[in-house]
Number of protein chains: 2
Amino acid sequence: MIAMKRPTIADIAQRAGVSKGAVSYALNGQPGVSPATRQRILAIAEEIGFNPNSAARALSAATSNAIGLALRRPARILGIEPFFMELISGVEGELSARSYALTLQVVATVEDEVAVYRRWWGERRVDGVLICDLRVDDERIPVLDKLQLPAVVIGGPTHTGNLSSVWSDDAAALVETVEYLAALGHRRIARVGGLPDLLHTEIRSQAFADASKRLGMTEAITVSSDYSGEEGARATRRLLSNSRRPTGIIYDNDVMAIAGLGVAQEMGLAVPGDLSIVAWDDSPLCQLVHPALTALGRDIPAYGALAARTLLAAIAHEPTASFQAEPSRLTPRGSTAPPRRA
Amino acid sequence: MIAMKRPTIADIAQRAGVSKGAVSYALNGQPGVSPATRQRILAIAEEIGFNPNSAARALSAATSNAIGLALRRPARILGIEPFFMELISGVEGELSARSYALTLQVVATVEDEVAVYRRWWGERRVDGVLICDLRVDDERIPVLDKLQLPAVVIGGPTHTGNLSSVWSDDAAALVETVEYLAALGHRRIARVGGLPDLLHTEIRSQAFADASKRLGMTEAITVSSDYSGEEGARATRRLLSNSRRPTGIIYDNDVMAIAGLGVAQEMGLAVPGDLSIVAWDDSPLCQLVHPALTALGRDIPAYGALAARTLLAAIAHEPTASFQAEPSRLTPRGSTAPPRRA
DNA sequence: CTGAAAGCGCTTACAG
DNA sequence: CTGAAAGCGCTTACAG
């Protein structure tokens, strides 16, 4: 068999006895062809297994039908956080329905990340990007704004410049958690927070401080970390070595919470008897350990899908806004209980 | 400020006083321009921040400068396995040096996966693809072959049809592990394997059976699972409920090993006293738990980089071959010890 | 070494 | 409703 040239709209036009323009209109659901002609064209396209050349389409329509996602975390940490893969699968659910592709890039620094955006936009590789890990004073925002690259922030809702965002109410979730621990009888609680310059860390820290003060907690400190297990373990060790150690700890991710559980066991403390543990971003990991971890969870794929829809709307120049996803909900499991009387 | 049109080679040509063709040659390092002209063109391109339109380049060069990766795992499982993110970061290290992009797609079924390949290739979205999770009788192989879509298999080295592959010697790693457990004094060991229709599962199962027989193990059974924590826990419970329970278990991934550790603790068995645990695909997760897990690890980013290089060579029509990556190496930690005398 | 031109496969005004 | 044609921004033979 001779290697066949891939079919083009010219082939379809020839077989249907119409112009290439008519084929284009028919294929794209545009007006300009009669229903009968459209049917015929569609049937031929289907029959010969036609797929439009994305480069040709991109070149003439000035649209790439791809969106970009740059992830700036060390591979070591990226891999063990289920968050991103779940987010990605939600994003793709939305994209593939419209034949959009996702271009992914792992970057090391914010300079690299910004360079990737410039290159992608300059090359017309993507029609827009999704931004993660919003910072309090985020240098990406002005760059994106200047570039006029359509972008949606996953996070916020403040500090997003002119960009739309999708966000969930972390403060509310944290208040719910502190109230839950207070109701169990905890008076000394701590929090192992994520990277301190991330906006959502700031929001959570503030909510934690406010809620614990309001509820009459005698101590309520936040220790910063980088989401890695090692840092989570180190922070836990420091907290538990204190003579007035906390009876409950809230962790900003699942990985650190699991590391914290390991440290407690290593130090001979019973969970939940001596220490209650709450993990943010519930994931299957939380149910792998013993006891299973009480966790704050949300539908991350739905969050990603919302972000993708918002970005697609921005790309289509539809009026967009910032959207609030559902807040994280607390699922009590075996790692939380009233504190044992000293 | 007026929104500026993005610069094209025509702009550069005009400013340099040469033809577009000369600009193209200069930019792509082709012969056909004098060193002085090339310098001048490059300087102008740099100055005005020129990036070639990827669609135009793709259309005329019939190359997309992107490769595709379709991942077929439920989002739930994909997220908690560090393997893929580490693989991806290794792949990208190789791609970004050559300005190649990675197009990622999460799929649910093999039919969807094959449909994605057809569409990508039909649309000329990608120049080649990387294939994971090779099966014993893999329907993707003949499709890719027929499509003439350049592809490299991550896995093998057998059952890859005409495709090149990168692989590591799982059998050797498993033999090393069984020998290690035997040297510690274990006589009854078990294995919780991955999906049974994956080729590497088959290879590991065979090696496990052979090695344990050769070393005089009285019992050495493999239980199949799907890599999820729930299945790992269930398999562990079943194995440990046996009156002649194993004193050591090898798990095909980290997640199941951690779940198994949880089950042992739940059943009141000491690890490593009553049960030794070995995890495949060492990851930071293995050091999160207490005791830390003895694990088989390899440099996954390097594995991904090798795969990317091989695919790029295949795309460039360079002669390619299958490459063997380093085998997994065993890192003993706290979860393995001589079995306690019953 | 350089220029002029065709062509990649689409989309989209513009005429009929 | 349909056709003929220009144009998107590159690459690449083909002449000079």
Side-chain angles (χ1 to χ4, degrees), chain A residues 4-42 44-45 48-66 99 119-125 127 316, chain B residues 4-42 44-45 48-66 99 119-125 127 316:
Chain A
M4 274 187 299
K5 228 174 118 299
R6 206 148 304 138
T8 69
I9 56 168
D11 300 320
I12 298 177
Q14 193 189 350
R15 290 176 69 142
V18 298
S19 70
K20 293 191 302 173
V23 174
S24 177
Y25 291 134
L27 257 21
N28 294 310
Q30 304 277 23
V33 281
S34 66
T37 306
R38 185 184 303 270
Q39 272 309 319
R40 194 151 40 93
I41 289 170
L42 255 22
I44 292 171
I48 65 178
F50 172 77
N51 285 111
N53 179 308
S54 62
R57 169 173 278 181
L59 185 57
S60 54
T63 170
S64 67
N65 289 318
S99 247
R119 184 165 59 77
W120 275 349
W121 191 230
E123 294 181 348
R124 286 293 198 201
R125 278 260 192 199
D127 294 333
Chain B
M4 276 187 300
K5 229 174 117 300
R6 206 148 302 139
T8 69
I9 56 168
D11 300 319
I12 298 176
Q14 192 190 350
R15 290 175 69 142
V18 298
S19 70
K20 292 191 302 171
V23 174
S24 176
Y25 290 135
L27 256 22
N28 294 310
Q30 304 278 23
V33 281
S34 66
T37 307
R38 186 185 302 270
Q39 272 310 320
R40 196 151 39 93
I41 289 170
L42 254 23
I44 293 170
I48 65 178
F50 172 78
N51 286 111
N53 179 308
S54 61
R57 169 172 279 180
L59 185 58
S60 53
T63 170
S64 67
N65 290 317
S99 246
R119 184 164 60 76
W120 276 348
W121 191 231
E123 294 181 349
R124 286 292 198 200
R125 278 262 192 197
D127 294 334

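Each chain gets a letter, A, B and so on, in the order its sequence line appears, and its residues count up from 1.
- One interatomic measurement links the two molecules: CD1 of Ile48(A) to C1' of dG9(C), which rounds to 13 Å at whole-angstrom precision.
- Shown here for Leu42(A) and Ala26(A), the closest heavy-atom pair between the two residues is CD1-O, 3.9 Å.
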Between the protein and nucleotides 3-5 of chain C, list every N/O to N/O distance that falls short of 3.5 Å.
| unit_1 | atom_1 | unit_2 | atom_2 | d |
| --- | --- | --- | --- | --- |
| dG3(C) | OP2 | Ser19(B) | N | 3.1 |

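- If you measure from atom CZ of Arg6(B) to atom C1' of dC10(D), you get 15 Å, rounded to the nearest angstrom.
- Between Leu59(A) atom CG and dC8(D) atom P there is a gap of 9 Å when expressed in whole angstrom units.
- Here the closest non-hydrogen pair linking Leu27(B) and Ile9(B) is CD2-CG2, 4.0 Å.
- Protein atom CZ of Arg57(B) is 16 Å distant from nucleotide atom C1' of dC8(D), rounded to whole Å.
- Relative to the ring axis of Trp121(B), Arg119(B) does not place its NZ or CZ within 45° and under 6.0 Å from the centre.
- Annotated stems with DNA chain C as a participant read C:1-3 with D:14-16, C:5-12 with D:5-12, C:14-16 with D:1-3, given as range with range, by first number; only runs of 3 or more Watson-Crick or G-U pairs under 3.5 Å qualify.
- Within the structure, no pair that satisfies the salt bridge (Lys or Arg N to Asp or Glu O under 4.0 Å) test touches residues 24-38 of chain B, not counting sequence neighbours.
- When rounded to the nearest whole Å, the span between CZ of Arg125(B) and C1' of dG9(C) equals 15 Å.
- Side-chain contact between Ile48(B) and Arg15(B) is present, with heavy atoms from C-beta onward closer than 4.5 Å.
- Interatomic distance, Gln14(A) CD to Ile44(A) CD1, rounded to the nearest 0.5 Å: 10.5 Å.
- Summarising the geometry of Ile41(A) relative to Ala16(A), their closest heavy-atom pair is CG1-CB, 4.1 Å, with the distance given to 0.1 Å.
- A salt bridge (Lys or Arg N to Asp or Glu O under 4.0 Å) check over residues 26-36 of chain B, counting only residues at least two apart or in different chains, returns nothing.
- Within residues 27-35 of chain A, the residues approached by DNA chain D to less than 4.0 Å at the level of any non-hydrogen atom are Gly32(A), Val33(A), Ser34(A), Pro35(A), in residue-number order.
- Going from atom CG of Asp11(B) over to atom P of dC8(D) covers 11 Å, rounded to whole Å.
- Taking every heavy atom of both residues into account, Ala56(B) and Leu59(A) meet most closely at CB-CD1, 3.7 Å.
- Residue-level contact check: Ser24(B) touches the bases, meaning some heavy atom is under 4.0 Å from a base atom.
- The distance from atom CH2 of Trp121(A) to atom P of dG9(D) is 13 Å, rounded to the nearest whole Å.
- Closest contact between the side chain of Pro52(B) and the listed nucleotides dG9(C), dT11(C), dC10(D) involves dC10(D).
- The shortest non-hydrogen separation linking Arg125(A) to Ser64(A) is O-OG, 3.1 Å.
- Nearest heavy-atom pair across Ala55(A) and Ala58(B) is CB-CB, 3.5 Å.
- Atom pair Phe50(A):CZ and dG9(C):P shows a separation of 10 Å (rounding to whole Å applied).
- Between Arg40(A) and Ser60(B), the one whose closest nucleotide on DNA chain D sits nearer the 5' end is Arg40(A).
- Looking at the side chain of Thr37(B), the nearest of the listed nucleotides dC10(C), dG9(D), dT2(C) is dT2(C).
- Pairs engaging residues 50-60 of chain B under the side-chain hydrogen bond (donor to acceptor under 3.5 Å, both in side chains) rule: Asn28(B)-Arg57(B) [sequence neighbours left out].
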